[in-house]
Amino acid sequence: MSEISKAYEPQSVEDKWYQFWLDRKCFVADPARVTAKRPAYSIVIPPPNVTGVLTLGHVLNNTIQDILARKARMDGKEVLWLPGTDHAGIATQTVVEKALKKSGEIRHRDDLGREKFLERVWQWKEKHGGIIIQQLKKLGASCDWTRERFTMDPEYSRCVQKVFVELYKKGLIYRGKRMVNWCPASLTALSDEEVIMKEQKGSLYYFKVEVADSRAHGSSGRESAQTPAVENQSPLTSAATGETEKRTFGPIPDAEGRIWLTIATTRPETIPGDTAVAVNPKDPRYAKYIGKHVLRPLPAEFPREQKLIPIIGDEHVDFEFGTGVLKVTPAHDKADFEIGQRHNLPQIDIMQPDGHMNPLAGEPLNGLDRFKARKVAVELLTGMGALEKEEPYTNNVGFSERADVPIEPRLSEQWFLKYPSAEKARACVEQAGSAGLRPGALEDTEETGRVGDRRSDKMQFHPDRWAKVYDHWMGNIQDWCISRQLWWGHRIPVWYRKNKREDGGLKIENSGQSVGANSSSVLHPPSSIYVGVEPPSDPENWEQDPDVLDTWFSSWLWPFATMGWTGDKSHDSNTPTLQAFYPTADLVTGPDIIFFWVARMIMAGYEFMNEMPFKNVYFTGIIRDKQGRKMSKSLGNSPDPLDLIAKYGADALRFGTMRSAPLGQDILFDEQNVELGRNFCNKLWNACRFRQMVGSAAVPAPHGIGSAAVPAAPGSEESRRGACATFEIQGEIDPTLLTADDKWILLKLDQAILEMDVAFAEYKFSDATATLYRFFWSEYCDWYVEASKAVLVKSVTELNESSATPREATHLTNHSFDDLTNQRANTLAVIDFVLSHTLRLFHPFLPFITEELWQGMGYAADMPENQGGQTIMTAPWPRPLDDDFKSHYGLTGDDEKHIEARNELVSQGRNLRRTANIAANKKVKFIFKPARKWAAHDVEALKLLLNAESVEIGAHHQPAKGTLAVRTELGDLFLPTEGLIDLEAEKARLTKELQKIEAEISKVEQKLANPNFTQKVPAHVLAEHKQRLAEWQGKREHVKATLAALQG
RNA sequence: GCGCGGUUAGCUCAGUGGUAGAGCACUACAUUGACACUGUAGGGGUCACAGGUUCGAACCCUGUAUCGCGCACCA
């Protein structure tokens, strides 16, 4: 026993047990084992990027999943936690391309060509992929690694293609030339969800354009044309006065009779792409110009007739904004595109895919980057006198989520998906507030052992407020742009007939005709397009679509494509994994991918499995640093979880993270939390160490913690103990020998189990850790273990002797030597009972240390092979103590109250010590005047807890002058100070306390004096107040008496 | 603009109408035999603000301020 290390050393146990679990196939799910009595429980991991590394976000997310999985195993379920990784199209391709560029191997991926480049990506994946999987193992993740999946596995890829083809055949997938979010850095289209709006400080430029045919039609204002043009501009931006009056005026002709319109824009570089100027037809300032034309100032070198663009009327124009005149650039703005559609405007694309201007932008913009071009355009306008003003302006600009550059709205031909099963998917999620825990849900728990199951046939979000966000998005979804101009990903299973490509069958008219859902049949006559999982039988005549699918178009199939789904109903209905484990129970993910992933998985689940993919969705918070900033590489505020594990242990990291991650809140990460986790593990370790040091009793000889060897091969002693299931109840505990402390801790354990069940049912993992922390540290260690030393630590003779000291007291009962020996054994039995339950309660949170202790303490050896005998992983989850148990052991609320009052007495007594400036290690004499009869053990415990030399029982004690005293429910405690204390300081303290007591008394008295209160309040509240008043009054009396005694 | 969430001790947060709580941090004491990765005791809060409902409000209602997030956007 002396070999047990004083501190827990996680490094020496974690790998050992992880390997042990792997060797025993503890994580492997077997659908054949699923029965009515052993229900299935499944989770699919949100697949991390295959080339990613573990972040604190992953730690949070996967620890929760591991907790759920381990808890479910202890509940006796057949558990599948299915792991895997995602190919992460853009991210991975970018990383590899950058690396190849950096090594000087290529300048562009075209240098390698598609096939060679993809080979390199696969190589990269083989080399760097899977790092995160190894890291998850360090964390203790109990995934079924035999079923690890990758979104580009051949079977998985086939699912993706199958789904594409099926949706295409249903007419839900179509191709069309539309305005998409284009990323000029990644050179691909993006979905709306991949665009992040960011506030940008820029400028709003006001420039004027001449109304071309103004002179021809004359102008009534011509004679009064002395007013400088400057005053005509932007009538609504100048002042608040006479706003409506100004509106009726509109532009005033200049000295030469020309009319100018002023336009406000943030993007002057797109002027060459303008094909109209729009005003609101209801705007009295401008309506009269509709149908006329203006001269577009850029490109400046164009002849006049090419500069003429129409003035159109469109309701979209807000006449409160800017000048009320809008330039319309259908090829470079989503809203303008729609205006263009309505008015049959031409589209002039003036930009290259990479965001540089093309020749249509004219000189000198041609070839410039779009932001450089903006500056130059402003210079040009200034040069020609067209720029009227520039004012600072803040607006929102869409950024590419991955590349973090402003996206460019761009016309391009893409594949789109009309979301399938959207109505079912929208309806299936329980909306906030419409359902809670069904009454009796926890009772069900006791009967079935299935904690946390939701009864509603609807899907539950946790926290449920996300349901509203989901519903809102589902109610407004736009078709999903699923094609990406990348190489890394699932290639679109569409082929075009080669000879048709030349004859224009695929050419898309740029006429501004609306392109609808049926356009595919228009654009691609059936003979010219082939869509199928298998390539066409005559590949030489066909050319495959070069694009790949959005990564999310593969991950939305994750819950079933990972389980062997093929889309062939007769096959799938015979796939055991799918049949047993779909739908899954819980999904744990971040709210940032609620649209990207969660919503789409729900739709796919209904569409392809005709069932929701999961019953519960737990949304974690976002991990931030202490200052509340998001974790980011550039800030360097993101600690490496592996470093933390090396420093503190995986259990510490898990516990610290869980403890600081309340449901629905962002988490401010602080390494101190991990430190706290480590301290907690150490406390657990030492509590078990204490148990070992005081000897064996109720269980077979412990193996010794710290050196817990991995047990011999499983199955060797399968039937050794038939009756072990009843160990918990019978054990070696003798009800007649239980002390009040024993009963108290058993009740506290019961309470902790109940709280854990509630916490699990409500997905409140931080509550669960708080319960564990409080129960184990504050209740078990601080009180119970300390009190138990009254029995355990003293030698039996010593105990016998000291218990004889206060023999004069008739209140005391006495014990024989044998009694005390039995008592000792009984206390150890209680400790074993509590510890063996506690370890199980801890296991989902602290898998490693609990396994080490479970084995090392010998608790494993006391359980049936498949119920904890082999590993704590399969030990049954503790149940609350039932009524039979409680009555058998005589556990009542009275014992609980007694010990709580005793603890209060102890605290007060310690406070007296402190008041008297008695050093913590100095033993002093207390005198106790009990209100009721006290057992010998209780006196002994009191003595120990007060670190007293003795506690004398004085039924009729009359305190001498200068004696400190405190009155509690259980009696008066005296500490003779013999002049050791500062009388004045003590008087001051008591006076202050008296004031506090008086304040409390008057508060309660006031309430009780109010007839409204006494008449309306429920009886129990009234009684409570009266009792409280009596208590305070009693204390007041006592403090007054003590003060008087001090005065002498 | 619309919606959601937050505002409680120095910090991070619990607290669904009846005596304001925890952990950390802080102060003091103690190296006593499980643990200094420890123990004991202590100090510390007008529950953002203003109204309202109620016998009684941190809690329910209305409004305001402020921080954060999401959605939609006016060029």
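Residue numbers start from 1 in every chain, and the chains themselves are labelled A, B, ... in the order their sequence lines are given, proteins ahead of strands.
Partners of A:Trp466 by ring pair (Phe, Tyr, Trp, His ring centres under 6.0 Å), not counting sequence neighbours, listed by chain and number: A:Phe619. Residues passing the side-chain hydrogen bond (donor to acceptor under 3.5 Å, both in side chains) test with A:Thr589: none are found, sequence neighbours excluded. Residues satisfying the side-chain hydrogen bond (donor to acceptor under 3.5 Å, both in side chains) test with A:Gln1033, not counting sequence neighbours, are none. Residues that satisfy the ring pair (Phe, Tyr, Trp, His ring centres under 6.0 Å) test with A:Phe690, not counting sequence neighbours, are absent from this structure. Contacts of A:Val1004 classified as side chain to side chain contact (heavy atoms under 4.5 Å, CB included), with partners at least two apart in sequence or in another chain: A:Leu1008, A:His1025, A:Arg1028, A:Leu1029. With sequence neighbours excluded, the residues forming a side-chain hydrogen bond (donor to acceptor under 3.5 Å, both in side chains) with A:Tyr648 are A:Glu671, listed by chain and number.
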Any protein N or O atoms within reach of nucleotides 27-33 of chain B? Criterion: under 3.5 Å, listing atom names and distances.
| residue | atom | partner | partner atom | Å |
| --- | --- | --- | --- | --- |
| B:A28 | O2' | A:Arg914 | NH2 | 2.4 |
| B:A30 | O3' | A:Asn921 | ND2 | 3.1 |
| B:U31 | OP1 | A:Asn921 | ND2 | 2.9 |

Short heteroatom pairs, N/O only, protein and nucleotides 5-12 of chain B, under 3.5 Å:
none

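Side-chain atoms of A:Lys6 and A:Asn686 form no donor-acceptor pair, as typed in the model, at a separation below 3.5 Å. Donor-acceptor pairing under 3.5 Å is recorded for the side chains of A:Thr270 and A:Lys327. Using modelled atom types, one finds no donor on one side chain facing an acceptor on the other under 3.5 Å when comparing A:Tyr205 with A:Glu391. Residues A:Ser191 and A:Glu194 bring a donor and an acceptor atom of their side chains to less than 3.5 Å of each other.
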task = Apply side chain to side chain contact (heavy atoms under 4.5 Å, CB included) to A:Ile745 and A:Lys748, showing your working.
result = CA-CA 5 Å; A:Ile745 197 62; A:Lys748 287 293 158 190; 4.2 Å; yes

message = Go through it in stages, so that I can follow the logic: the residues are A:Phe596 and A:Glu401, the test is side chain to side chain contact (heavy atoms under 4.5 Å, CB included), and I'd like the CA-CA distance, side-chain angles, deciding distance and then a yes or no.
response = CA-CA 12 Å; A:Phe596 278 115; A:Glu401 191 207 15; 3.8 Å; yes

task = Go through the steps to decide whether A:Phe776 and A:Phe842 satisfy the test ring pair (Phe, Tyr, Trp, His ring centres under 6.0 Å), and finish with yes or no.
result = CA-CA 10 Å; A:Phe776 191 69; A:Phe842 277 123; 5.7 Å; yes

task = Decide yes or no on ring pair (Phe, Tyr, Trp, His ring centres under 6.0 Å) for A:Phe655 and A:Phe680, but give the supporting numbers first.
result = CA-CA 9 Å; A:Phe655 196 79; A:Phe680 190 76; 4.6 Å; yes

request  = Starting from the C-alpha separation in whole Å, work towards a yes-or-no answer on side chain to side chain contact (heavy atoms under 4.5 Å, CB included) for A:Leu846 and A:Cys681.
outcome  = CA-CA 8 Å; A:Leu846 310 172; A:Cys681 290; 4.1 Å; yes

task = For A:Val195 and A:Phe399, run side chain to side chain contact (heavy atoms under 4.5 Å, CB included): C-alpha distance rounded to whole Å, both residues' side-chain angles, the deciding distance at 0.1 Å, then the answer.
result = CA-CA 5 Å; A:Val195 177; A:Phe399 274 66; over 6 Å; no

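The gap from the C1' atom of B:A22 to that of B:A9 amounts to 11 Å, rounded to the nearest Å. A gap of 25 Å separates the P atoms of B:G23 and B:U32, to the nearest Å. Annotation: B:G56 and B:U12 have their P atoms spaced 35 Å apart (nearest Å). A distance of about 25 Å separates the C1' atoms of B:C69 and B:U16, rounded to the whole Å. Atom P of B:G39 sits at a distance of 9 Å from the matching atom of B:C24, rounded to the whole Å. Separation of the C1' atoms belonging to B:G45 and B:C37 is 30 Å when rounded to the nearest angstrom. Spacing between B:U64 and B:U27 at atom C1', rounded to whole Å, works out to 40 Å. Straight-line distance between the C1' atoms of B:U66 and B:A72: roughly 23 Å, to the nearest whole Å.
Using a 4.0 Å cut-off, no side-chain N or O of A:Arg678 falls inside it from OP1 or OP2 of B:C37.
The residue among A:Asp782 and A:Val317 whose nearest nucleotide of RNA chain B lies closer to the 5′ end is A:Asp782. Annotation: of the two residues near RNA chain B, A:Trp777 and A:Asn686, the 5′-most nearest-nucleotide partner is A:Asn686.
Nearest to the side chain of A:Lys764, among B:G18, B:A75, B:G15, sits B:G15. Distance from the side chain of A:Asn911 is smallest for B:A41 among the nucleotides B:A41, B:C71, B:A75. Comparing B:A75, B:U40, B:C35 against the side chain of A:Lys6 picks out B:C35 as the nearest. For A:Arg624, the listed nucleotide lying nearest its side chain is B:C69; candidates were B:C69, B:U38, B:C74.
For the contact set between residues 265-272 of chain A and RNA chain B, defined by any heavy atom under 4.0 Å, the members are A:Thr265, A:Thr266.
Using a 4.0 Å heavy-atom criterion, one finds that A:Ala770 contacts no nucleic acid atom at all. No contact: A:Thr329 has no heavy atom under 4.0 Å from any strand. No engagement by A:Pro1011 is indicated, since no non-hydrogen atom pair under 4.0 Å with the nucleic acid exists. A:Cys681 comes within 4.0 angstrom of nothing in the nucleic acid, heavy atoms only.
Relative to the six-membered ring of A:Tyr773, A:Arg659 meets both conditions, a distance below 6.0 Å and an angle of at most 45° to the axis.
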Identify all side-chain donor-acceptor contacts of residues 902-910 of chain A below 3.5 Å with residues at least two apart in sequence or on another chain.
| residue | atom | partner | partner atom | Å |
| --- | --- | --- | --- | --- |
| A:Arg902 | NH1 | A:Asp741 | OD2 | 3.2 |
| A:Arg902 | NH2 | A:Asp741 | OD1 | 2.7 |
| A:Glu904 | OE2 | A:Gln908 | NE2 | 3.1 |
| A:Ser907 | OG | A:Asn903 | O | 3.3 |
| A:Arg910 | NE | A:Leu945 | O | 3.1 |
| A:Arg910 | NH2 | A:Leu945 | O | 3.2 |

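Residue-to-nucleotide contacts include a donor-acceptor pair under 3.5 Å from the side chain of A:Glu786 to the base of B:A34. For B:C35, the base has a donor-acceptor partner in the side chain of A:Lys683 [N/O atoms by modelled type, under 3.5 angstrom].
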task = For each nucleotide in nucleotides 19-24 of chain B, reading 5' to 3', give B when a protein heavy atom comes within less than 4.0 Å of its base, S when such contact involves only the sugar-phosphate, and - otherwise.
result = BS--SS

query = Dot-bracket, RNA chain B: Watson-Crick or G-U, under 3.5 angstrom, [ ] crossing, | other strand?
reply = ((((((((.[[[[.)..(..]]]].(((((.......))))).....[[[[[..)....]]]]])))))))....

